[in-house]
**Q** 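Structure provided below as structure tokens; questions to follow.
Letters A, B, ... mirror the listed sequences (proteins, then strands); counts begin at 1. Basis for what follows: all heavy atoms, side chains included, without hydrogens, waters or symmetry-related copies.
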There are 2 protein chains.
Amino acid sequence: MTDAVRTGRVRAAHLGPERRRPEVLDAALAIAVKSGVGAVTIGAVAQHLGVTRPVVYSCFRDRVALIEALVEREGERLLASALAALHSARGDDPEAVFVRGYQAFLDVVADWPDAWRLLFSAAPDPAVADKFQRARREMAESATQWLRPALTAWWGVTDLDHKLPVLVELFMSSCEAAGRSLLDQPDDWTTQELGELYGRMICRAFSVA
Amino acid sequence: MTDAVRTGRVRAAHLGPERRRPEVLDAALAIAVKSGVGAVTIGAVAQHLGVTRPVVYSCFRDRVALIEALVEREGERLLASALAALHSARGDDPEAVFVRGYQAFLDVVADWPDAWRLLFSAAPDPAVADKFQRARREMAESATQWLRPALTAWWGVTDLDHKLPVLVELFMSSCEAAGRSLLDQPDDWTTQELGELYGRMICRAFSVA
DNA sequence: CAACGTTACTACAGAGATGTAGGAATTTCC
DNA sequence: GGAAATTCCTACATCTCTGTAGTAACGTTG
């Protein structure tokens, strides 16, 4: 009984690597969200799929490549949506822009909660830690592009080069906090309510930077 | 070459479990901060100490007990200091209180950066994840006790039961963000400057909650 | 200085994960 | 219906980490 549990499991369908790959990533995501990235082993993924390990190896060279592909896919998805959310928030009234921004952002979190959990509450082993960091850094980069003009145009923040990294850090953290609150207490808050509160608060915070 | 690297390493000093235990925890902390909690294996700790694995086993029953003790020690240290920091920030002017609070808190981070990194940017395996969560939850609990009267007394926040969890989440995240900024750019900001900025901003944010 | 208790080291057995080779089942295409 | 290609499964060798038993070195005390 070394590998596939010798129960009367039926032989898996003949999908082939191409069609199997997304299923593998789905399984990996489910495991990562439930038990942490460290639990994403080839064996665990195979078992979760009802398949033996060599099938998984036919889709991804090794464990690291699998997790990299997962972070890539989910990061892409989240970045694109979050960017769209930010771009949808434009206008002349800072508070209104912030409110709409957080609301749109929280809708994204609500749409892909697992992608969010993977990237922001996960436990990266050292082997793949840099991939996670890169994904987060890309989002921070987009946030910076969005924040910089706001800070100068609306509030004339002085000493921007000095403060910008700190403000971006705060902004990213506020997004994480909002996302956590939304996912932890899904019945207490709608994305609209929570986004409105956060938009008001953080807008106000930045106004005194 | 199964265990202790067969180089001409000298036999380790005869300290005994009691005196060795703190050294073991120090080594574990260093490894955890550098390479993640997942890298804290009995073997790695032993090697970092220049000792063989059974010596480590004489100090802690197993790997989980070791990590638990580590989280316990560092969490205790950080909680006590952070509590003292919060209690030192009292007064009638909300902004001044927040500024002093963040400043005192950032001094704690600066004093024990590794304890901070361990508890707030670490990667817990599922096996010990709950211990980490408990440590963080304890700090959040203290923060709640500190925040609740402020929110009612100063700003008469309505619907407090509903909002308090969200505001605590934001507050904790802001502390994490401030800590990260401090540790990532140690030359750009003093604890006083950064605490002043954060105190002003978050005070302002809560005032419109 | 000799005997005893303490401490550290060597060596082993087992669990679990990795990655691969070769054979069996299924599907596809004449 | 039968050969060929594709896909999956079994089985194996290896690695790393865990945890433990037995042995050698040290230090302390009479």
**Q** State which residues pass ring-ring contact (aromatic ring centres under 6.0 Å, His included) with Trp189(B); sequence neighbours excluded, sorted by chain then number.
**A** His162(A)
**Q** Suppose we screen for side chain to side chain contact (heavy atoms under 4.5 Å, CB included). Which residues come up paired with Asp62(A), at least two apart in sequence or across chains?
**A** Val64(A), Ala65(A)
**Q** Calculate the interatomic distance between Arg53(B) atom CZ and dA8(C) atom C1'; express it in whole Å.
**A**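 Checked: the CZ to C1' distance equals 14 Å.
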**Q** More 5' along DNA chain D: Ala12(A) or Val40(B), using each one's nearest nucleotide?
**A** Ala12(A)
**Q** Which residues pass the ring-ring contact (aromatic ring centres under 6.0 Å, His included) test with Tyr102(B), not counting sequence neighbours?
**A**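 Applying ring-ring contact (aromatic ring centres under 6.0 Å, His included) to Tyr102(B) gives Phe171(B), Tyr198(B).
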**Q** From CD1 of Ile31(A) over to P of dA17(C), roughly how many Å is that when rounded to an integer?
**A** 11 Å
**Q** Phe60(A) has an atom CZ; how far is it from atom P of dT18(C), in whole Å?
**A**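 Rounded to the whole Å, the gap is 15 Å.
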**Q** Between dA17(C) atom P and His48(A) atom NE2, what is the distance in whole Å?
**A**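 Atom NE2 in His48(A) sits about 15 Å away from atom P in dA17(C).
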**Q** In B/S/- notation, 5' to 3', how is nucleotides 22-29 of chain C contacted by protein heavy atoms closer than 4.0 Å?
**A** --BBS---
**Q** Under the side-chain hydrogen bond (donor to acceptor under 3.5 Å, both in side chains) rule, collect the residues that match up with Arg204(B), sequence neighbours excluded.
**A**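 By the side-chain hydrogen bond (donor to acceptor under 3.5 Å, both in side chains) rule, Arg204(B) matches no residue at all.
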**Q** Rounded to the Å, how far apart are Tyr57(A) OH and dT20(C) P?
**A**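 After rounding, the gap between these two atoms is 8 Å.
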**Q** Looking at residues at least two apart in the chain, or sitting in another chain, which of them share a ring-ring contact (aromatic ring centres under 6.0 Å, His included) with Tyr57(A)?
**A** none
**Q** Enumerate, atom names and distances included, each donor-acceptor pair closer than 3.5 Å involving a side-chain atom of residues 127-134 of chain B, sequence neighbours excluded.
**A**
residue	atom	partner	partner atom	Å
Arg134(B)	NH1	Glu138(B)	OE2	3.0

**Q** Whole Å only: how far is the CZ atom of Arg19(A) from the P atom of dT6(D)?
**A** 13 Å
**Q** side-chain contact (heavy atoms from CB on, under 4.5 Å) between Gln103(A) and Thr191(A): does it pass, once the steps are laid out?
**A** CA-CA 6 Å; Gln103(A) 286 173 337; Thr191(A) 57; 5.9 Å; no
**Q** Output the rounded distance in Å from CD (Glu18(A)) to P (dT6(D)).
**A** 13 Å
**Q** If I take atom CD in residue Gln47(A) and atom C1' in nucleotide dA17(C), what distance separates them, rounded to the nearest angstrom?
**A** 13 Å
**Q** Is it true that Arg200(B) and Glu196(B) make a salt bridge, defined as a side-chain N closer than 4.0 Å to a carboxylate O?
**A** yes
**Q** Could you check which residues of residues 61-71 of chain B get a heavy atom under 4.0 Å from DNA chain D? Sort them by number, please.
**A**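 Of all residues in residues 61-71 of chain B, the ones placing a heavy atom under 4.0 Å from DNA chain D are Asp62(B), Arg63(B).
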**Q** Which pairs of donor and acceptor atoms, one on a side chain in residues 22-36 of chain B, lie under 3.5 Å apart (sequence neighbours left out)?
**A**
residue	atom	partner	partner atom	Å
Asp26(B)	OD1	Arg73(B)	NH1	3.3
Asp26(B)	OD1	Arg73(B)	NH2	2.8

